[in-house]
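Everything below concerns the one structure shown next.
Note that the structure is predicted; figures quoted are calculated from it, not measured.
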Amino acid sequence: MGITKTDFMRGMQCRKMLWLDKHKPSLKVIPPEVQQRLDAGNDFGDRAMAMFGNYEEMTVYRPGTTYPDTKAMVAKTAEHIEKGTSVICEAAFIYYNNYCALDILRKTEDGYDIYEVKNSPAVYDQFVRDVGFQYYIMDRCKVKIGHIFIVTHGEDAENPFVINDVIEEAKAYAKWVNDNI
């Protein structure tokens with residue numbers, strides 16, 4: 001059974017939480033204040049998609065639902081990589097049924113740069129582990145990665161994004177991901 005980036009991170013935090021998520025999803029309760037933070041993070045991520053101008057979003061939903069169709073997203077991502085699309089948002093990849101979707105994938109002369117967007121004033125180790133999982137999947141999918149960045153929020157509306165280079169730290173987590181996946 002493969003897992004998503006979220007599953008992996010939750011499982012590393014608490015194996016029982018991952019088991020409950022997979023086997024008893026109806027027991028999951030998201031308090032209103034947590035949902036509010038999640039919604040604010042999604043809004044920040046949506047604004048960040050346009051930070052490099054035009055982009056193509058890979059999100060595809062299962063018919064009649066709000067659940068992502070991961071296989072369709074992976075296929076759509078592959079098409080856009082083949083076409084050379086310069087900015088791909090929610091780019092999706094699967095390796096041995098382990099799945100991740102990247103906030104922003106930007107084509108460069110060196111391959112692709114990963115931008116993980118976090119509605120936070122600082123970079124925390126959890127964010128680096130998160131993007132380390134993405135790097136692990138992308139590396140195994142044979143996508144050449146140039147740089148890995150975590151985008152945090154800036155001081156004000158004139159400077160809404162801070163781009164933090166974390167490539168060395170994220171790559172260092174590849175073995176940890178491999179050992180724990």
Side-chain angles (χ1 to χ4, degrees), residues 1-28 30 38 41-42 45 48-49 55-63 65-82 85 87-108 110-118 120 123-151 166-181:
M1 169 177 84
I3 60 173
T4 67
K5 174 185 73 168
T6 301
D7 294 337
F8 179 78
M9 296 305 294
R10 287 176 61 84
M12 294 308 298
Q13 181 181 356
C14 175
R15 292 182 191 273
K16 290 178 183 178
M17 183 167 44
L18 175 60
W19 188 92
L20 283 169
D21 286 353
K22 289 297 187 182
H23 299 284
K24 303 277 185 181
S26 63
L27 296 178
K28 187 179 205 173
I30 301 174
L38 292 170
N42 287 336
M49 286 184 186
Y55 63 90
E56 293 289 334
E57 186 173 354
M58 301 297 107
T59 304
V60 177
Y61 295 104
R62 294 181 198 159
T65 74
T66 57
Y67 296 107
D69 184 336
T70 56
K71 289 187 174 144
M73 289 174 66
V74 168
K76 188 174 178 182
T77 299
E79 289 172 20
H80 280 273
I81 286 177
E82 182 70 29
T85 301
V87 179
I88 304 171
C89 295
E90 296 300 325
F93 298 88
I94 292 178
Y95 177 75
Y96 281 95
N97 288 327
N98 299 302
Y99 171 84
C100 70
L102 290 78
D103 292 333
I104 303 170
L105 189 63
R106 185 177 184 209
K107 187 172 178 52
T108 68
D110 298 325
Y112 286 90
D113 289 348
I114 297 171
Y115 293 81
E116 177 69 9
V117 180
K118 299 295 184 186
S120 171
V123 174
Y124 298 105
D125 193 53
Q126 174 185 342
F127 302 162
V128 179
R129 289 190 306 263
D130 194 67
V131 80
F133 181 91
Q134 294 172 337
Y135 170 76
Y136 173 84
I137 298 295
M138 301 265 317
D139 184 58
R140 272 129 188 96
C141 289
K142 306 292 186 217
V143 176
K144 186 174 181 202
I145 302 302
H147 289 277
I148 301 172
F149 302 100
I150 294 177
V151 179
V166 296
I167 189 164
E168 295 307 320
E169 299 93 330
K171 281 183 168 184
Y173 275 112
K175 182 177 179 348
W176 174 77
V177 171
N178 188 66
D179 292 347
N180 289 284
I181 203 163

Going through the checks in order, is the side chain to side chain contact (heavy atoms under 4.5 Å, CB included) test met by Ile81 and Tyr112? CA-CA 10 Å; Ile81 286 177; Tyr112 286 90; 3.7 Å; yes

Between Val74 and Tyr99, does the side chain to side chain contact (heavy atoms under 4.5 Å, CB included) criterion hold? Intermediate values first, please. CA-CA 9 Å; Val74 168; Tyr99 171 84; 4.2 Å; yes

Test side chain to side chain contact (heavy atoms under 4.5 Å, CB included) applied to Tyr55 and Ile104, step by step: CA-CA 9 Å; Tyr55 63 90; Ile104 303 170; over 6 Å; no

Please lay out, stage by stage, how Leu105 and Met138 fare under the test side chain to side chain contact (heavy atoms under 4.5 Å, CB included). CA-CA 11 Å; Leu105 189 63; Met138 301 265 317; 3.9 Å; yes

Is there a side chain to side chain donor-acceptor pair (under 3.5 Å) between Asn180 and Tyr173 once you walk through the steps? CA-CA 11 Å; Asn180 289 284; Tyr173 275 112; over 6 Å; no

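A distance-only check finds no donor-acceptor pair linking the side chain of Asp113 to the backbone of Arg106 [under 3.5 Å]. The backbone N or O of Ala92 sits nowhere less than 3.5 Å from a side-chain atom of Lys76 that would complete a donor-acceptor pair. At distances below 3.5 Å, not a single donor-acceptor pair connects side-chain atoms of Asp139 with backbone N or O atoms of Tyr135.
Using a 4.0 Å cut-off between charged side-chain N and carboxylate O, Lys144 and Asp110 make no salt bridge.
Once rounded to the nearest 0.5 Å, the distance linking CZ of Arg140 with CD1 of Ile181 reads 8.5 Å. With rounding to the nearest 0.5 Å, the separation of CZ in Phe149 from CD1 in Ile167 is 8.0 Å. With rounding to the nearest 0.5 angstrom, the OG1 atom of Thr108 is 7.5 Å from the NE2 atom of His147. Between the CD1 atom of Ile150 and the CZ atom of Phe127 there is a distance of 7.5 Å, given to the nearest 0.5 Å. With rounding to the nearest 0.5 angstrom, the CD1 atom of Ile145 is 4.0 Å from the CD1 atom of Ile114. The structure places CG of Asp103 at 5.5 Å from CD of Glu90, a figure rounded to the nearest 0.5 Å.
Side-chain contact check for Thr85 versus Lys107: every heavy-atom pair is 4.5 Å or farther apart. You'll find the side chain of Glu116 reaches within 4.5 Å of the side chain of Lys5, heavy atoms only.
Checking each of Met58, Arg62, Met73 against Pro68 for a side chain to side chain contact (heavy atoms under 4.5 Å, CB included) leaves exactly one that passes, namely Met73.
Annotation for Val117 and Gly45: closest pair CG1-CA, 3.9 Å, computed over non-hydrogen atoms. Considering every non-hydrogen atom in both Val151 and Tyr115, the closest pair reads CG2-CD2, 3.9 Å. Ala101 and Gln134 make their closest contact through O-NE2, 3.5 Å (heavy atoms, listed as atom of the first residue, atom of the second, distance). Between Val60 and Ala72 the shortest heavy-atom distance is CG1-CB, 3.8 Å.
Aromatic ring orientation, Phe133 versus Tyr136: tilted (interplanar angle from 30° to 60°).
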